[in-house]
2 protein chains.
Amino acid sequence: MSIKSVASENQIRLARYAKAMGHPVRMYVLDLISKQSCCYSGDLSEELPIAKSTLSQHLKELKAAGLIQGEIEAPKIKYCLNKENWKEAQQLFKSFLGL
Amino acid sequence: MSIKSVASENQIRLARYAKAMGHPVRMYVLDLISKQSCCYSGDLSEELPIAKSTLSQHLKELKAAGLIQGEIEAPKIKYCLNKENWKEAQQLFKSFLGL
DNA sequence: TCCTTTGTTCGCAAATCTACGAACAGGATG
DNA sequence: CATCCTGTTCGTAGATTTGCGAACAAAGGA
């Protein structure tokens, strides 16, 4: 029997979002994107002291968690919030935190 | 140069809290405690399909992140929210999510 | 005192995460 | 076409996380 049979769907989704937010680099990216609506990974790569391959992996994880989405704007990629899921995350955290 | 020299204090704290929330078991526990103000780990142990040593580790992590605190009520231990840090977390998430 | 109850710590294994550089892919541009 | 620019994927290494059972510690009750 797994934890998934005991925890609620919302708890599991919340844990998924929280996990994606659980790293300073990803938090930095999310915070930036949520404040300015979008950004380019090239810019991030210049600001952050990590290899671009590492950044790419973090962005991939944020995408996999559904928090952001990338849009090709050749030759760059523009990253924005995934608005639908962001709303869900807002709702879930709000309810969980009792806000 | 580390990410910590680039990310803000708030981003780092938020990432820390989020990381602690980033597992279904811990999310389950936090959700329960926040709704009923406190609980006993023995009860959790019965509800959750994990070894008590594993549960103990998860509780330890939540304590280390500052989200909960334990109070001995012999022979059991009563876990409650760490209200001070919970408030901070509420504030940080609220601001981050734009609520 | 001995036993039970409660929970932690230890030692271990498997899985996941974090990070890097090298190699690669796909568009623009000369 | 050859080259540059962007970003991803691959292979690898080391650290951390997750999970278990066994052993241990502390405190209360028989």
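Hydrogens, waters and symmetry mates are skipped; everything else that's a heavy atom, side chains included, is used. Naming: A, B, ... by sequence-line order, numbering from 1 per chain.
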Flag the pair [X] / [Y] as yes when at least one side-chain heavy-atom distance between them is below 4.5 Å, and no otherwise.
X: A:Trp86; Y: A:Ile68; value: no
X: B:Leu62; Y: B:Ile33; value: no
X: A:Ile77; Y: A:Tyr40; value: no
X: B:Ser34; Y: B:Asp31; value: yes

Starting at [atom1] of [X] and ending at [atom2] of [N], how long is that distance when rounded to a whole Å?
X: A:Ile77; N: C:dG27; atom1: CD1; atom2: P; value: 11 Å
X: A:Tyr28; N: C:dT18; atom1: OH; atom2: C1'; value: 19 Å
X: A:Leu48; N: C:dA19; atom1: CG; atom2: P; value: 11 Å
X: B:Ile72; N: D:dA25; atom1: CD1; atom2: C1'; value: 12 Å
X: A:Lys63; N: D:dG7; atom1: NZ; atom2: P; value: 11 Å
X: A:Leu59; N: C:dA19; atom1: CG; atom2: C1'; value: 15 Å

Only pairs under 3.5 Å count here: list side-chain donor-acceptor contacts from residues 12-22 of chain B, not counting sequence neighbours, and write none if there are none.
| from | atom 1 | to | atom 2 | distance (Å) |
| --- | --- | --- | --- | --- |
| B:Arg13 | NE | B:Glu88 | OE2 | 2.8 |
| B:Arg13 | NH2 | B:Asn10 | OD1 | 3.2 |
| B:Tyr17 | OH | B:Glu88 | OE1 | 2.5 |

Is the count of non-hydrogen atoms from other residues, nucleotides or ligands lying under 6.0 Å from A:Glu84 atom CD greater than 12? no
In numerical order, the residues of residues 36-47 of chain B whose heavy atoms come under 4.0 Å of DNA chain C are B:Ser41, B:Gly42
Any sub-3.5 Å donor-acceptor pair from A:Glu71's side-chain atoms to A:Lys78's backbone N or O? no
When you measure from the side chain of A:Gln11 to the backbone N and O of B:Pro24, does any donor-acceptor pair fall under 3.5 Å? no
Could you list all N or O pairs between the protein and nucleotides 17-21 of chain D that sit under 3.5 Å apart?
| from | atom 1 | to | atom 2 | distance (Å) |
| --- | --- | --- | --- | --- |
| D:dT17 | OP1 | B:Lys19 | NZ | 2.6 |
| D:dT18 | OP2 | B:Arg26 | NH1 | 3.0 |
| D:dT18 | OP2 | B:Glu61 | OE1 | 3.3 |
| D:dG19 | OP2 | B:His23 | NE2 | 3.4 |
| D:dG19 | OP2 | B:His58 | NE2 | 2.6 |
| D:dG19 | N7 | B:Gln57 | NE2 | 3.2 |
| D:dC20 | OP2 | B:Ala51 | N | 2.9 |
| D:dC20 | OP2 | B:Thr54 | OG1 | 2.9 |
| D:dC20 | N4 | B:Gln57 | NE2 | 3.4 |
| D:dG21 | N7 | B:Ser53 | OG | 3.3 |
| D:dG21 | O6 | B:Ser53 | OG | 3.2 |

A:Lys76 side-chain N/O to C:dG27 phosphate OP1/OP2 under 4.0 Å: no
